[in-house]
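Below: one structure, written as structure tokens.
Values reported hereafter were calculated over all heavy atoms of this structure, with side chains retained and with hydrogens, waters and symmetry mates removed. As the structure is a computational prediction, the values presented were derived from the model and not from experiment. Within every chain, numbering begins at 1; the chains are lettered A, B, ... in the order of the sequence lines, protein sequences first and strands thereafter.
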Amino acid sequence: MHSHKRQKTDSEAEKVAEAAEESLKQHPHASQNTPMKVHDEGEFAGLKRHGTTAEQAQKLESGSTNPFSGAKFSQKYFDILEVRRDLPVHAQRDQFLEIFHSTQIMVFVGETGSGKTTQIPQFVLYDEMPHLVGSQVACTQPRRVAAMSVAKRVADEMDVELGQEVGYSIRFENKTSPKTILKYMTDGMLLREAMEDHDLSRYSCIILDEAHERTLATDILMGLIKQVSVRRPDLKIIIMSATLDAEKFQTYFNDAPLLAVPGRTHPVEIYYTPEFQRDYLDAAIRTVLQIHATEDDGDILLFLTGEEEIEDACRRIALEGDELVREQNCGPLKVYPLYGSLPPHQQQKIFEPAPEKLTPNGRAGRKVIVSTNIAETSLTIDGIVYVVDPGFSKQKVYNPRIRVESLLVSPISKASAQQRAGRAGRTRPGKCFRLYTEEAFQKELVEQSYPEILRSNLASTVLELKKLGIDDLVHFDFMDPPAPETMMRALEELNYLQCLSDEGDLTALGRLASQFPLDPMLAVMLIGSPAFKCSEEILTIVALLSVPNVFVRPASARKRADEAKMAFAHPDGDHLTLLNVYDGFNSDEAHSVGLHQWCRDNFLSYRSLSSGQNVRSQLRRIMVSHDLELISPGESRNYHNYVRKALAAGFFMQAAKKRSGSKGYITVKDNQDVLIHPSTVLAVEPEWVIYNEFVLTSKNYIRTVTTVNPEWLVEFAPKYFDLKHFTNGDVKLSLERVVDKVKSDKKRKRGVDNGCKFYQ
DNA sequence: GAGCACTGC
């Protein structure tokens, strides 16, 4: 077994991040709390802010001097400018400016290939001239990679260095400077900023891009910005979306005007099956093989729901593809899986060209990519001509009654189906084979998937909203208001965590918890951990609980992977096992073997562990900045008890008791029958455990569990364990005994204490 | 004796 070691020195990533933060402190943005400076208008002399024309802007763009940086434009700039002027949005620049001038909020609809994400912010810059008034323009994206890559592209287009006039800001990286006037950022990042600056005062224009994706962060931002727009009439707002529900955005933003620009994609022919397909996986495989046997060249993209299904399909397609090559003289077929947890070098393989034909006169080779939804939005693959869409994906659902989020294979929406089909028309006209009937498409698929806010536990959202200064959550103007029960559950949970008072006001603890990019339960546990002398250990555990699973279990080596895991096992449970893994990852041994190799040897995910390391250092910095003590019981033989107590203090709402007589556990308060997930390292079933998550799959499981003493639960969360509110049963009975024992222990202790005093 | 769709701070 691996022994527990003290935390190593700060990682390299941490040092870099610290340096970045330090430099930000020294160079706060010019617009922050400083009086407006008089700027040299330079090339912009004579132009009226919020009164420019496309012609004026284009004249500046075609000039010799970059009006924002003052530098001479490069040849490369003019080359790109030519391409830009060919984009569909370009033709409507005047129209855009007219609307932009006449209104505070507008909705902009642009399909893929319209150029909206790169061009609209630049149109805004030439009209806003933010550098002259010391403001910034923000453009939000749902994903980090998008924010980074678009910023890079636009910096090139504007002929400036990335991070200067054009930059980006994402969780672990702030690539902006005092010069920055256009900032691409994740929507979550803008939300963080709003928590400190409720009026978003440094921005003169905010562009919410990809609003149709309706991420939790976008939805909250829309509600917030709608409020801010009243307080700040000078703030311009653009909501950008793909076509589908533009009207909904318009209505929500007080009938904001709309501008729509066509996209530039190739036509995609849609085929439906004549009848319902009982086995979509089988139908999908047959369709792929049939395309390969009968259709012209061009790669195939097949959408399935998850890793196991995808790996299975890949095996079967490859096998039967070989048969087609042998028996029907088909071209060679190469099959690639694609899903999020695939290591990056494997993900990269999908960009390899299709296989060469086997003989000079043979038929062309073909590439098949079998992917989850990741290929629907996050990743685009050029060269796809055929899309096979069975019409399903895994979607998160939330059951507020038992406070469980789970993944369910469900039919996709019409919008998703359209997006999937569009993937076939990126390079040339394509075909999309839908494995459902046209009638099913029309009648059974919903228009849009439910926005995330209707499918999530809202504990952390509610905390964020409170921190944003929104007191009246019941009347907060959500675009789609969450179910009252979900809201109640979140408020209740935050109250038990003492983040909200009984009146629903943010407490000091709540304010502190909101500083951490964590689920409130984890944040509270972290904040409480110095009291148990183990904040260093809890930091590690919390970090690893908030990244994807660190344990890898390939189908081909399950037994060896399980054995490797057991080498890290701690007898008290899975949380302490995570601690051992992290210490192993930071050990001299791992460094001498090489971290990648060490992870492979131990069936661990390098990606998860290093991102855990990043998260840990970010959390650690937040701890330091709020004077939360960093402390460790060190090599003490008892360290695990400190950690277990800290875990109990944070996870008291997720406790379960072994059922007397029968197998399995029963959750406290919710009274759910559950089993400990087989992935646990626990060899025996302890009486009481706390668990990290409740997963609903083939059975009800609790996953990542650690043994605790019930006395701790009652002691640390007396309000939650007020037995008056418990339903009669096994759990209540044993808790009553626990409460009695705690009481009598206290009495005895007091007696002894008094006795001592008496005799002294 | 199982399965982590995807994203974000």
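The side chain of A:M189 lies closest to B:dC9, out of B:dC9, B:dT7, B:dG1. The listed nucleotides are B:dA2, B:dC6, B:dT7; the one nearest the side chain of A:Y339 is B:dC6. In the set B:dC6, B:dA2, B:dC9, the nucleotide with an atom closest to the side chain of A:I374 is B:dC6. Nearest nucleotide to the A:K394 side chain, out of B:dG1, B:dA5, B:dC9: B:dA5. Side-chain proximity of A:Y701 to the nucleotides B:dA5, B:dC9, B:dA2 is greatest for B:dA2.
In this structure, A:T215 reaches neither bases nor backbone, as no heavy-atom distance under 4.0 Å exists between it and the strands shown. Using a 4.0 Å heavy-atom criterion, one finds that A:K396 contacts the bases of the nucleic acid, with or without backbone contacts as well. Base engagement by A:E308 is indicated by at least one non-hydrogen atom pair under 4.0 Å involving a base atom. Base contact: A:R192 has a heavy atom under 4.0 Å from a base atom. Residue A:D519 is classed as having no contact, given no heavy-atom separation below 4.0 Å to the nucleic acid. Across all strands shown, A:R558 has heavy atoms under 4.0 Å from base atoms, whether or not it also approaches the sugar-phosphate. Among the heavy atoms of the strands lying under 4.0 Å from A:T372 are primed sugar atoms or P, OP1, OP2 only; no base atom is included. Among the atoms of the strands shown, none is found under 4.0 Å from any heavy atom of A:P548. Among the protein residues, A:F516 comes within range of no part of the nucleic acid, since none of its heavy atoms lies under 4.0 Å from any strand. Nucleic acid contact class of A:L675 (heavy atoms, under 4.0 Å, all strands): none.
Using modelled atom types, one finds no donor on one side chain facing an acceptor on the other under 3.5 Å when comparing A:H570 with A:T577. A:S611 and A:Q613 share no donor-acceptor pair across their side chains, judged by distance under 3.5 Å alone. Checked by atom type, the side-chain pair A:T215/A:D187 shows a donor-acceptor distance below 3.5 Å.
Each of A:L518 and A:G306 lies near DNA chain B, and the nucleotide nearest A:G306 is the one positioned closer to the 5' end. Summary of the strand contacts: A:P678 and A:S546 both lie near DNA chain B, and taking for each the nucleotide with the nearest heavy atom, the more 5' one is attributed to A:P678.
The salt bridge (charged side-chain N to carboxylate O under 4.0 Å, His left out) test applied to A:R143 returns A:E213, not counting sequence neighbours.
Figure legend: cation-pi geometry between A:R434 and A:F441, with NZ or CZ positioned under 6.0 Å from the six-membered ring centre and within 45° of its axis.
For B:dA2, its base sits under 3.5 Å from the side chain of A:R553 at one donor and acceptor pair at least.
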